[in-house]
Amino acid sequence: DPIAPIDPGEAEDFLRQCYLENPRLGPVEPRLAIVRAQIAATGSYVHTTEELSYGAKMAWRNSSRCIGRLYWRSLVVLDRRRARTADEIFSLLVHHLQAAGGGQEGGKIRPVISIFAAAQPGQPYAKLWNEQLVRYAGYRRDGDVVGDPRQADFTAAMEGFGWRGKGDAFDILPLAVEVPGEPVRLYELPERAVLEVPVTHPEFGWFAELGLRWHAVPAISNMRLTIGGVNYPLAPFNGWYMGSEIGARNFADADRYNLLPTVAERMGLDTSSESTLWRDRALVELNRAVLWSFEKAGVRISDHHTESQRFMSHLRNEEKAGRQVPADWTWIVPPISGGITPVFHRYYAEMDLRPNFYPNEHACP
Ligand code: HEM
Ligand SMILES: N=C(Nc1cccc(CNC[C@@H]2CCCN2)c1)c1cccs1
């Protein structure tokens, strides 16, 4: 857990590997001596800018559930370890979304991580209660939910703090920033920082009447980055979406926007029997709509075939580099058309390598 003292063995393993992969950093021994002394004196140590940057890239490379790892070297690392106040943290999160290409003129999305202060052993640390920087509210209204059911509890908590949304299906939730010794602060994201795409269909004119939209930048804010025994509990990271995440999960899951029956109905499909495969036909059209709409809006997105092929290239690259790729088949295989992607037809080494990302211990209320 992030408030345990640093494990010197974990620090040494990381530093040896980091300096081995980056000869330009010079010999590791002198650095190891300094770090051992720092840990002995203070119970922790401070990463150099290069160690922080490369450690974050290694954490992405070690993320066994991630299909998008081919470009792990291109991660843009924003060192935000000096930020202390809730206002500073909020404005840097807004800057993150703009740097990621999520601003209004955006669309060219790039992978960015913002790394805030490390957790000091035994000390409380700043945290964000949101699971992603951009999420839609879920309003419980006598039995039903308007918006994202997955956010219903969080939305109720925000309303408990006095937040009021418009009550629509795509209201963007506030950021809830908690710094030690202070009550949680809620912040509305400025529109300039949140790029959204209206979802329509290349052939079905009626699709626009569903009033669907989705935000451009997926930015995970509830995972802890650990590098060489040092924990960074606030280290939001973004990439671009793989279309199936929106089309086959966020819009399709029965406990999310649950749109398959609606789309099938509007398509005039026979929903009286499973064997008409009406779910599958509606699912494909929903996913075509997402990909087509993002591409039409000039917002970077990738389909599950392309991402699968890229992951196969990543496997080849890592093989050449003499490294095994940790991978979790149940997350790597896309939620639509698994068997017609190459990632389906093989086994993977399941390993828990460090540096890495882990779910934050603090379960947000
Ligand atoms: C650049 C484009 C990227 C794409 C297309 C991509 C794609 C994905 C997808 C589809 C998932 C599964 C998500 C789900 O099913 O809910 C995933 C998981 C994950 N990705 Fe990536 N990713 C990208 C970049 C990144 C970056 C930049 C990082 C971190 C620096 C990252 C770290 C992770 C982690 C830690 C998980 C597992 C999350 C969990 O266990 O809950 N990915 N990725
Ligand atoms: N494309 C992305 N998708 C992604 C990556 C990691 C985690 C998540 C969210 N996973 C949790 C959801 C909610 C239930 C099942 N999946 C999405 C990225 C997000 C951040 C960088 S890439």
Side-chain angles (χ1 to χ4, degrees), residues 52-78 96-97 99-102 108-115 130-136 138 148-154 214-227 232 234-257 287 290-291 294 299-311 313-314 325-338 341 343 350 352-360:
L52 187 77
S53 179
Y54 199 75
K57 295 177 183 181
M58 292 169 77
W60 181 11
R61 192 180 75 197
N62 290 333
S63 298
S64 57
R65 292 171 162 176
C66 182
I67 194 172
R69 287 178 273 172
L70 178 60
Y71 304 119
W72 65 272
R73 288 181 182 281
S74 69
L75 181 65
V76 172
V77 181
L78 303 181
H96 180 117
L97 285 170
K108 184 153 182 29
I109 294 165
R110 55 188 185 155
V112 179
I113 184 168
S114 293
I115 305 176
N130 308 61
E131 71 176 31
Q132 290 195 34
L133 297 185
V134 182
R135 285 281 90 171
Y136 295 117
D148 189 349
R150 188 177 163 84
Q151 297 303 324
D153 288 344
F154 185 86
W214 204 259
H215 61 95
V217 180
I220 301 304
S221 52
N222 65 352
M223 297 192 86
R224 162 173 62 87
L225 165 63
T226 187
I227 300 174
Y232 296 93
L234 181 53
F237 58 86
N238 76 278
W240 52 80
Y241 264 117
M242 180 163 80
S244 56
E245 300 180 73
I246 305 167
R249 297 302 310 277
N250 301 345
F251 282 166
D253 285 2
D255 63 353
R256 300 294 296 283
Y257 284 76
N287 278 271
V290 168
L291 290 167
F294 268 64
V299 176
R300 191 169 192 175
I301 194 166
S302 58
D303 62 82
H304 46 289
H305 302 287
T306 303
E307 271 323 311
S308 296
Q309 289 157 17
R310 288 175 181 166
F311 187 67
S313 303
H314 174 61
V325 176
D328 174 345
W329 192 98
T330 65
W331 278 62
I332 293 292
V333 175
I336 180 173
S337 305
T341 68
V343 297
E350 296 205 5
D352 177 19
L353 305 183
R354 306 263 171 99
N356 213 319
F357 294 97
Y358 297 101
N360 257 320

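Both counts, for ligands and for their atoms, begin at 1 and track the order of listing.
- When atom types are taken as modelled, the side chain of Arg61 and the backbone of Trp72 share no donor-acceptor pair closer than 3.5 angstrom.
- With a 4.0 Å heavy-atom cut-off, ligand 1 is reached by the backbone of Asn238 but not by any atom from C-beta on.
- Counting only heavy atoms of the protein, atom 7 (C) of ligand 1 lies nearest to Ile67 CG2, 3.8 Å.
- Closest of all the heavy-atom pairs between Trp214 and Tyr136 is C-OH, 3.3 Å.
- What sits closest to atom 43 (N) of ligand 1 on the protein, heavy atoms only, is Cys66 SG, 3.4 Å.
- Of the candidates Trp72, Phe237, Tyr358, Tyr71, Phe237 brings a heavy atom nearest to atom 29 (C) of ligand 1.
- At the top of the distance list for atom 5 (C) of ligand 2, counting protein heavy atoms only, stands Ile220 CG1, 4.2 Å.
- When the heavy-atom distances from atom 14 (C) of ligand 2 to Glu245, Met223, Arg150 are ranked, the shortest goes to Arg150.
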| request: Run the numbers on Asp148 and Arg256 for salt bridge (charged side-chain N to carboxylate O under 4.0 Å, His left out), then give the verdict. | output: CA-CA 6 Å; Asp148 189 349; Arg256 300 294 296 283; 2.8 Å; yes
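- The six-membered or imidazole ring of His215 lies near that of Tyr241, with a centre-to-centre distance under 6.0 Å.
- Residue Glu245 touches ligand 1 through its side chain alone, judged by heavy-atom distances below 4.0 Å.
- The presence of a protein heavy atom under 4.0 Å from atom 11 (C) of ligand 2 is ruled out.
- Checking side-chain atoms of Ser64 against main-chain N and O of Ala327 turns up no donor-acceptor pair under 3.5 Å.
- Of the options Arg65, Arg249, Gln132, Glu131, the smallest heavy-atom separation from atom 15 (C) of ligand 2 is shown by Arg249.
- Residues Trp240 and Glu307 bring a donor and an acceptor atom of their side chains to less than 3.5 Å of each other.
- Taking the six-membered ring for Trp, Trp60 and Tyr71 have ring centres at least 6.0 Å apart.
- The nearest non-hydrogen atom to atom 6 (C) of ligand 1, considering only Ser63, Ala59, Gly68, Gly239, comes from Gly68.
- Atoms of ligand 2 lying under 4.0 Å from at least one heavy atom of Gly239, given by number and element, are 20 (C), 21 (C), 22 (S).
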| Please walk me through it: do Ser114 and His96 pass side-chain hydrogen bond (donor to acceptor under 3.5 Å, both in side chains)? | CA-CA 7 Å; Ser114 293; His96 180 117; 2.7 Å; yes
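- The heavy atom nearest to atom 14 (C) of ligand 1, considering only Tyr241, Trp240, Trp331, Trp60, is found in Trp331.
- When Arg300, Arg310, Met223 are ranked by how near their heavy atoms come to atom 38 (C) of ligand 1, first place goes to Met223.
- The two residues Ala248 and Asp253 come nearest to each other via the heavy atoms O-OD1, 3.8 Å.
- Using a distance-only test at 3.5 Å, with no hydrogens or angles considered, a donor-acceptor pair links the side chain of Asn62 to the main chain of Pro355.
- Close approach to Trp240 involves these atoms of ligand 2, each under 4.0 Å from a residue heavy atom: 1 (N).
- Among protein heavy atoms, the minimum distance from atom 11 (C) of ligand 1 is reached at Arg65 O, 4.1 Å.
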